Participant: 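Below are the structure tokens for one structure; questions will follow.
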Number of protein chains: 2
Amino acid sequence: MSKKLDQATQTLKTPRSRRSNGNGLSSTTIMDVAREAGVSYATVSRVVNNKEYVKSDTRERVLKAITSLGYVVNQQARSLAGGRSYAVGLLVRDLGSSYMGEIVKGIDDALSAAQYNLMLYTTHRRKIKERIYVNNLIQGMTDGLLLVLPENLEAYLETLDQTQFPYVLIDHQGLDERTPVVITTNWQGGYDATRYLIELGHRRIGFITGMMDMLSSQDRLSGYQAALRDHGLPVDPQLVYEGTFYQPGGYSGAQSLLRLPEPPTAIFASNDVMAFGVMEAVRDAGLRIPSDISVIGFDNIAQASQVAPPLTTVAQPLEQLGREAVRMLLVRMNNPEQPIERSILPTTLIIRQSCDVPRNV
Amino acid sequence: MSKKLDQATQTLKTPRSRRSNGNGLSSTTIMDVAREAGVSYATVSRVVNNKEYVKSDTRERVLKAITSLGYVVNQQARSLAGGRSYAVGLLVRDLGSSYMGEIVKGIDDALSAAQYNLMLYTTHRRKIKERIYVNNLIQGMTDGLLLVLPENLEAYLETLDQTQFPYVLIDHQGLDERTPVVITTNWQGGYDATRYLIELGHRRIGFITGMMDMLSSQDRLSGYQAALRDHGLPVDPQLVYEGTFYQPGGYSGAQSLLRLPEPPTAIFASNDVMAFGVMEAVRDAGLRIPSDISVIGFDNIAQASQVAPPLTTVAQPLEQLGREAVRMLLVRMNNPEQPIERSILPTTLIIRQSCDVPRNV
DNA sequence: TTTATTTATGCAAACGCTTACAGAAAAAGA
DNA sequence: TCTTTTTCTGTAAGCGTTTGCATAAATAAA
């Protein structure tokens with residue numbers, strides 16, 4: 001009580017119109033808290049930002065005032081004054097897939113743990129938008145940028161690098177070794193799945209690629225080819241169908257593979273969604289999985305364990321991909337001098353029931 | 001030329017540290033543009049905000065300076081000064097489903113057309129988070145809030161209303177008639193699909209519900225029941241299975257329905273994802289679609305047309321739902337006095353190939 | 001004790017913008 | 001030509017913070 005400063009000491013200059021954040025009630029500011037706690041606004045700021053040099057009982061008094069008034073810092077003001085917005089931009093193509101869903105979940109968890117906000121930008125595959133967004137973002141809207149499967153990186157990666165704006169690519173190899181990325185062992189995943197099929201006894205294994213302009217697609221294919229070679233099997237281009245990462249691609253790919261004079265006994269699709277298409281095509285052809293044809297996917301999305309038979313697939317740690325990207329981004333944001341990291345997370349073969357020994361062996 | 005003000009007139013007070021938005025290059029401000037165009041910063045602001053009373057050649061000069069300097073307004077500063085953040089918050093459960101994906105696409109398109117940014121908040125069904133977010137958001141981070149399928153509305157709707165913070169609920173009925181919402185005709189959709197099956201000749205129609213704590217689930221069920229009643233068919237509770245909106249719910253629901261002493265000849269699932277589960281269960285039971293069992297879904301997600309046979313379903317205009325919500329929100333934001341709207345978008349029955357005349361008629 | 005340090009706190013300026021207000025310039029009336 | 005009105009432009013204040021600097025209080029050293 002006695003310590004409380006005279007209320008008059010900190011008279012607010014009459015404000016233009018007692019700020020009312022665009023809507024109803026006026027929000028409590030750092031000044032209100034200061035008055036309530038009987039300290040200066042600078043001290044409140046120090047408490048809020050966990051700065052040193054605040055006496056512990058002062059700190060508590062301020063904290064109490066904060067809760068009692070329900071004070072929340074105004075990010076825009078903080079950003080303007082301090083140069084950080086406490087927001088991170090996320091640039092994605094779209095959000096409909098559980099692939100994206102899981103990555104975003106990881107990002108989101110890690111980010112909110114670090115008290116950051118997330119600004120979402122979806123390009124819907126319109127190339128122009130990417131560049132526009134990136135320009136906006138680095139103009140102070142966000143402190144960092146996360147790009148999932150960016151499409152025309154060349155158009156703005158240079159800008160990003162020049163301005164030293166912190167960013168991390170997710171599931172994209174970047175343009176060179178100096179790009180900070182989080183990726184998975186696509187090659188190894190392709191290799192492992194193929195080897196598994198070979199070890200089951202398969203000799204003719206069909207492969208449905210993803211979009212071939214993506215390095216991850218190329219890597220999965222190379223892994224597949226390497227496994228064949230390592231086991232002395234021929235690499236037959238007839239067995240490779242160029243897919244799209246979407247379900248119809250898997251369906252038509254399987255149809256075309258099954259129509260071959262000497263059809264494969266197993267089909268490896270470059271993602272789960274296409275594997276579902278494969279499963280449908282196989283069934284429509286009157287064949288059974290896995291007795292007639294083995295099917296294997298890539299990604300291990302949630303649905304993979306729910307279809308019948310449950311899909312054997314190569315798990316990508318998608319959620320962890322997001323989490324790791326955030327970790328790296330925070331490091332870069334707080335420590336621009338740190339050398340650039342590239343994080344490679346391991347894929348794992350998840351064996352379920354969609355693969356079996358080939359019929360005629 | 002002669003009109004150009006002396007450059008010295010507008011000397012910047014030496015800034016603390018030539019702002020460099022947290023990273024590398026320093027960004028151009030309204031002052032830089034003003035100097036370049038030979039006008040005051042207020043005029044630049046007027047041009048940027050499309051205010052009246054700016055001579056057209058001045059405007060052009062400013063515009064030229066803006067492009068030549070690559071100036072982008074600093075949203076935080078604008079927000080602090082003007083009380084609007086030009087950002088809208090979006091609160092969702094998760095993003096993995098194409099249901100969400102389409103709604104978000106609609107939102108996103110409409111919002112970026114209106115030059116707004118999107119702040120994303122995912123709750124992952126943790127109830128506490130919703131309230132925390134809402135509190136943060138209304139503290140000036142955003143100008144409005146969009147809530148898709150909110151879970152414990154009671155916890156914060158009052159706060160929202162009291163502070164007069166603009167918001168719109170998507171695919172949720174709200175607490176009463178005074179809540180602004182965008183919903184679809186769930187009851188009618190349930191009715192239409194059921195009537196369609198009845199008109200095909202089905203007499204025993206199984207129904208798999210969504211999560212029953214959601215009004216939309218209840219409405220679809222009522223629509224189903226009403227259609228049965230209107231056509232003089234019994235409403236057999238045995239034929240109703242309580243699902244979850246997730247695929248396994250559809251699978252086990254169908255299994256249980258098919259095991260009935262007198263199984264249905266058609267199954268109506270409350271969403272497409274569950275309908276896929278139904279299709280699997282039907283196949284696993286050695287039955288064919290649609291010859292043995294007709295299947296019908298709800299939502300019309302992209303996959304519905306890609307499965308085999310293509311799924312007959314009730315289309316919800318999801319993307320439009322998002323678009324419409326944004327439209328309503330913008331109206332509320334710019335015009336708080338406007339009476340509250342409730343927008344009800346029509347569902348449509350999309351007939352594909354998963355339904356047929358029942359076998360034994 | 002007195003002085004030198006260290007720890008706490010307050011003041012003021014700055015962040016980049018919007019906007020009320022006032023004054024200048026241009027247009028319209030007399 | 002001289003007012004009056006309208007259109008334009010500039011000045012200044014303020015939005016809610018952070019933070020350098022100065023000063024006060026507390027502690028340690030002398």
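A, B, ... follow the sequence lines: proteins, then strands. Residue 1 opens every chain. Keep in mind that what you see is a predicted model, and the values were worked out from it rather than measured.
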Participant: Quick test of your reading of the model: are A:R35 and A:D32 salt-bridged, counting only N-O distances below 4.0 Å?
Facilitator: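 Judged by the 4.0 Å cut-off on N to carboxylate O distance, A:R35 and A:D32 do form a salt bridge.
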Participant: Separation of B:L80 atom CG from D:dG14 atom P, in whole Å?
Facilitator: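 B:L80 atom CG is separated from D:dG14 atom P by 14 Å.
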Participant: Ignoring backbone atoms, establish whether A:N74 has a side-chain N or O less than 4.0 Å from OP1 or OP2 of D:dC15.
Facilitator: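 Negative; the distance criterion is not met.
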Participant: Side chains of B:S85 and B:D143 only: does a donor on one sit below 3.5 Å from an acceptor on the other?
Facilitator: yes
Participant: Between N or O atoms, less than 3.5 Å apart, protein on one side and nucleotides 7-9 of chain C on the other: list the pairs.
Facilitator:
residue, atom, partner, partner atom, Å
C:dT9, OP1, A:T58, OG1, 2.5
C:dT9, OP2, A:K55, N, 2.9

Participant: Looking only at side-chain N and O atoms, does B:S45 come under 4.0 Å of OP1 or OP2 in C:dT18?
Facilitator: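 It does, given that an N or O in the side chain of B:S45 lies less than 4.0 Å from OP1 or OP2 of C:dT18.
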Participant: Is the closest basic N to carboxylate O distance between A:K105 and B:D94 below 4.0 Å?
Facilitator: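 No, no charged N to carboxylate O under 4.0 Å.
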Participant: Could you state the atom-to-atom distance from CZ of A:R78 to P of D:dT17 in whole Å?
Facilitator: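 After rounding, the reported distance stands at 9 Å.
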Participant: Just the rounded figure in Å: distance from C1' of D:dT17 to OH of A:Y71.
Facilitator: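 Roughly 7 Å, once rounded to whole Å.
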Participant: Going by side-chain hydrogen bond (donor to acceptor under 3.5 Å, both in side chains), A:N335 matches just one of A:Q338, A:R332, A:E337. Which one?
Facilitator: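 Going through A:Q338, A:R332, A:E337 one by one, the side-chain hydrogen bond (donor to acceptor under 3.5 Å, both in side chains) with A:N335 is satisfied by A:Q338 alone.
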Participant: Just the rounded figure in Å: distance from C1' of C:dG16 to OH of B:Y86.
Facilitator: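 Rounded to whole Å, this separation is 15 Å.
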Participant: Roughly, in whole Å, what's the span from CG in B:N50 to P in C:dT19?
Facilitator: 13 Å
Participant: Counting side-chain heavy atoms from CB outward, which of D:dT11, D:dC15, D:dT18 is closest to A:A81?
Facilitator: D:dT18
Participant: Answer yes or no: is there an ion pair linking B:E60 with B:K64, defined by an N-O contact shorter than 4.0 Å?
Facilitator: no
Participant: Is it the case that over 12 heavy atoms from other parts of the model lie below 6.0 angstrom from the CD atom of B:E154?
Facilitator: yes
Participant: Taking atom C1' of C:dC17 as reference, at what distance in whole Å does atom CD of B:Q76 sit?
Facilitator: 11 Å
Participant: For the side chain of B:A77, counting heavy atoms from C-beta on, which of C:dT19, D:dT19, C:dC17 is nearest?
Facilitator: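 Looking only at side-chain atoms, B:A77 lies closest to C:dC17.
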Participant: Can you name the one residue among B:L153, B:T179, B:V181 that meets side-chain contact (heavy atoms from CB on, under 4.5 Å) with B:H172?
Facilitator: B:L153
Participant: Starting at atom CE of B:M31, determine the distance to atom C1' of D:dG10, rounded to an integer number of angstrom.
Facilitator: 12 Å
Participant: Kindly indicate whether a cation-pi arrangement holds for A:R78 with A:Y86, taking the cut-offs as under 6.0 Å to the six-membered ring centre and within 45° of the axis.
Facilitator: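 Yes; both conditions hold, so A:R78 lies above the ring face of A:Y86.
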Participant: What is the distance from OH of B:Y41 to C1' of D:dA12, rounded to the nearest Å?
Facilitator: 6 Å
Participant: Using only atom types and a distance under 3.5 Å, with no angle test, would you say the side chain of A:T58 pairs donor to acceptor with the backbone of A:V54?
Facilitator: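 Checked: no pair found.
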Participant: Under 4.0 Å, heavy atom to any atom of DNA chain D: which of residues 62-70 of chain A qualify?
Facilitator: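 Output list: empty, so none.
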